[in-house]
Amino acid sequence: MVNKEMRVAEVIVDVPTHDTDRPFDYLIPAELQEEIHIGSRVQVPFGHRKVIGYCIGFKTTSSSIRLKSIYDVMDLVPPLTPELVELGKVMADEYLCPTITALQSMVPAVFKGSYQKVIHPSSEMSENIFSLLNPAEQQLFKILAARGEYTWEEACKIPNMTRRLLRKLVAEKRIFVTERIEDRITKQKVTWVWGKDIHKLKAALSSLSARAIRQKEVLQYFIDHPDEIELPKLLARLQTTRSTVKKLVEQGWLYWEEREQYRDPYKNRQFEQTTPLPLTPEQQQALAGISKPIIEEKFHTILLHGVTGSGKTEVYLQTIEEVLRQGREAIVLVPEISLTPQMVQRFKGRFGERVAVLHSRLSNGERYDEWRKIRRGEVQVAIGARSAIFAPFQHIGLIIIDEEHETSYKQEENPKYHARDIALWRAQAHHATLVLGSATPAVESYYHARTGEYEWIQLKERVHGRPFPQVQVVDMREELRLGNRSMFSGALTGSLIECMKRGEQAVLFLNRRGFATFVMCRECGETITCPHCDISLTYHQTNQTVRCHYCGYAEGLPQICPHCQSKHIRHFGTGTQRVEAELKRQFPGIQVIRMDVDTTSRKGAHEKLLSQFREGKAQVLLGTQMIAKGLDFPKVTLVGVIAADTMLHLPDFRAAERTFQLLMQVGGRAGRHEQPGKVVIQTYSPEHYSIRLAASYQTETFYHQECLIRKRHSYPPFCRLFTILLSYPDRLGLMKYGQEIVQFIRNHAPTNCQLLGPVPPTIPRLKDRYRLQVLIKFQADPIVTARLKQTLHKLRNLFDDKELRISMSREMVDLISDRKVLMREQSEEIEILSKH
DNA sequence: AGCACGCCGACT
DNA sequence: GTCGGCGTGCTC
């Protein structure tokens with residue numbers, strides 16, 4: 001089809017499967033010509049349906065014979081920028097997901113409209129058609145005509161009748177795309193107050209009686225601050241009430257009016273203006289180092305490797321100022337867990353209205369508001385968790401990923417992207433600077449820094465020159481030998497008592513993973529497992545139940561063993577609840593705040609518990625991962641790690657890295673202020689290098705060691721990984737498929753790929769489906785990668801069994817030129833390995 | 001993924 | 001004949 005005047009849009013439709021994952025061509029009606037852009041969200045006819053799609057390009061010809069027209073353009077401003085559309089294509093390719101899935105992950109949920117179908121009487125109905133209906137059909141049609149319509153849900157209950165009405169053309173189906181409008185109503189009413197005439201205000205001040213203290217305060221405020229202000233803010237700042245202001249307005253001294261404005265999750269909160277802090281020489285150097293590529297507007301990646309307490313945040317803030325001076329924008333990624341009010345406070349305090357905050361606690365509507373501020377260019381800084389990396393800025397100068405090693409930067413659902421990779425791509429597209437900040441970088445990032453792929457800037461000193469806490473590693477096997485069967489070693493008990501005596505606080509850290517309390521029969525040794533997943537059920541003391549942490553299955557705590565009927569059944573393991581009970585037993589009168597899934601599931605409970613601890617309402621804070629991160633408590637002088645090696649033995653090649661990072665982070669919690677701190681690490685494998693080196697702060701040595709091991713066993717960054725996860729309702733069938741898949745990959749994939757598996761994953765059965773996993777290690781070579789992806793694509797259509805689910809993901813992708821990495825490895829110029 | 005079409009067996 | 005179940009293939 002060729003037509004000179006014709007304008008055709010390429011549309012990715014909202015049908016997330018692989019066989020519809022390509023652009024479909026549509027004609028653009030004349031009246032939409034001006035409205036449609038790349039990135040526009042449109043409604044299009046698709047098959048016998050109407051669906052939402054995204055316009056990703058234009059052409060003047062199409063190879064399709066029959067072109068349909070776009071129904072409508074849904075938004076005035078396209079939700080996606082051309083850059084993000086491009087990124088969507090790359091993501092689909094990299095992460096093996098449908099393009100629409102990639103695109104939808106970039107925009108707030110409000111854009112993911114839903115579809116509503118209704119059955120209507122046909123618009124052109126004539127009597128003779130009606131006479132063709134049989135009595136039952138006539139009866140139904142009369143009901144339909146009387147009601148005007150019936151919904152699709154109702155239609156599904158009588159599918160054949162409906163089908164007959166549709167086929168005999170007496171009824172028709174209409175599809176509505178329902179926008180989530182309720183979330184998008186962004187305006188709310190807020191009262192603004194002002195009183196600009198200072199002379200008048202002064203006159204008012206003297207005319208008031210001496211007793212009207214509150215009113216005078218308000219007037220004085222406006223004399224000092226002539227700008228208008230929202231009423232809630234004013235009330236918060238002056239600690240007064242609405243009635244005080246109302247009196248002044250009624251007397252004609254002040255004015256107020258209701259205005260519509262964005263919802264603001266931080267309304268009624270005032271942020272204390274903060275000014276740049278003086279930097280240490282080291283910080284200054286870091287600032288200069290990061291500013292250089294920003295000023296030159298060159299793509300550049302920097303690993304900011306700074307010990308805990310070295311003041312990375314202040315460096316971030318001042319580099320952002322540089323970017324803003326240039327008229328460009330900055331994205332700051334922070335792990336969800338550290339997106340605390342203090343953190344937000346710091347950014348809002350420095351950049352005020354120029355910041356948008358995106359975190360998971362926002363409602364859909366609030367999230368949309370923040371997003372829209374970014375899209376419209378009303379803010380220049382976006383701070384948020386993982387998905388904030390898609391902030392639709394158009395002149396990005398800087399992307400910062402704080403705590404870059406954090407696992408929360410990897411999305412577990414499709415598209416299984418890593419924010420670090422997206423950041424690299426976007427920084428490249430914008431000629432921006434990417435800063436990866438961490439005290440304990442990912443091994444991959446460290447490697448790239450040491451080999452010169454990233455610039456490496458170190459901050460080795462703590463800001464106030466405070467010493468690192470002294471670390472004591474306790475061998476728990478030795479404790480056992482000495483007859484100490486409690487979960488607290490002598491050293492930890494002693495330190496705890498001392499700490500209490502001095503009136504200071506302690507943090508006790510327990511790694512939840514692999515440490516949940518399970519229920520076991522002491523007679524036959526069987527554990528209680530989930531009937532749907534091959535996982536031990538976890539004992540919950542609060543309501544005397546056992547629960548599956550994966551599928552949510554729950555039952556009452558059994559009194560007799562289901563296997564041997566023995567009564568000798570009890571719970572084992574060391575959950576936080578047990579530690580708490582044990583603490584209270586050993587230290588009578590001790591006040592403990594426990595933080596785990598049970599105590600923090602309620603909204604805001606997390607923050608509440610932490611502030612209680614900060615206020616000194618308890619001597620001990622006991623918790624899991626969540627307390628290890630970025631929290632700063634002045635009075636904490638002791639940190640105890642109950643069992644450092646619980647994650648060490650997980651079947652994960654990053655287990656050692658995780659353990660090391662965790663211990664370093666935990667150590668950073670102690671003694672950040674005046675009092676010197678102490679860390680006690682209890683472990684059953686004190687000789688392990690990750691524990692040993694963390695305890696002695698030998699960061700360098702650890703990374704060298706870890707790189708050596710990764711190199712020897714061929715793990716990232718020395719190869720790339722694909723994981724394939726199969727799931728199927730029956731075990732034997734799954735094993736058969738597993739074998740066939742491995743065989744298929746062996747036959748088709750490039751020869752230098754290494755296949756591991758199929759092996760049962762950590763969770764061998766989940767929600768009544770058995771699981772198998774295949775790991776593919778492959779070379780960082782674009783040809784190999786492309787060939788492998790092709791093979792995996794074919795794999796999708798290999799089996800004709802709906803029950804077989806295949807999910808694939810890439811472990812550690814980095815979009816740095818694969819070829820460069822390959823060449824470097826071949827020439828064996830690995831400085832870091834030759835050194836050790 | 002939906003949705004329609006079409007083939008085939010069961011029933012008025 | 002008509003009804004309803006299910007497999008197959010397409011969507012610009």
Please report the C-alpha distance between Arg361(A) and Glu366(A) in whole Å, then the side-chain angles of each, then the deciding distance to 0.1 Å, and finally whether the salt bridge (charged side-chain N to carboxylate O under 4.0 Å, His left out) criterion is met. CA-CA 9 Å; Arg361(A) 292 264 192 252; Glu366(A) 289 168 336; over 6 Å; no
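Residue Arg22(A) contributes atom CZ, which lies 9 Å from atom C1' of dC10(C) at whole-angstrom precision. Atom C1' of nucleotide dC3(B) and atom CD1 of Ile175(A) are separated by 9 Å, given to the nearest angstrom. Atom pair Phe24(A):CZ and dC10(C):C1' shows a separation of 9 Å (rounding to whole Å applied). If you take CG of Asp21(A) and P of dC12(C), they are 16 Å apart, rounded to a whole angstrom. Protein atom CD of Gln116(A) is 15 Å distant from nucleotide atom P of dG2(B), rounded to whole Å. The distance between atom CD of Gln43(A) and atom P of dC12(C), rounded to the nearest whole Å, is 15 Å. The distance between atom NE2 of His18(A) and atom C1' of dC10(C), rounded to the nearest whole Å, is 18 Å. Distance Ile52(A) CD1 to dT11(C) C1': 17 Å, rounded to the nearest Å.
At least one side-chain heavy atom of Asp25(A) sits less than 4.5 Å from a side-chain heavy atom of Lys59(A). The shortest distance between side-chain heavy atoms of Pro82(A) and Leu84(A) does not fall below 4.5 Å.
Across all strands, Tyr26(A) comes closer than 4.0 Å only to sugar-phosphate atoms, never to a base (heavy-atom distances). The residue Lys59(A) sits apart from the nucleic acid: no heavy atom pair falls under 4.0 Å. Counting non-hydrogen atoms under 4.0 angstrom, Lys173(A) reaches the backbone sugars and phosphates but no base. Counting any heavy atom pair closer than 4.0 Å across all strands shown, Pro23(A) reaches no nucleic acid atom. Asp19(A) comes within contact range of at least one nucleobase, with a heavy-atom separation under 4.0 Å.
For the ring pair (Phe, Tyr, Trp, His ring centres under 6.0 Å) with Trp371(A), the qualifying choice from Phe393(A), Phe111(A), Phe390(A) is Phe111(A), the only one to do so. If you run side chain to side chain contact (heavy atoms under 4.5 Å, CB included) between Arg41(A) and each of Asp72(A), Ile52(A), Leu80(A), only Ile52(A) comes through.
Residue Lys117(A) has no polar side-chain atom (N or O) positioned under 4.0 Å from OP1 or OP2 of dG2(B). The phosphate of dG2(B) (OP1 or OP2) has a side-chain N or O of Arg49(A) nearer than 4.0 angstrom.
If you check dA4(B), dA1(B), dC12(C) against the side chain of His48(A), the one that comes closest is dA4(B).
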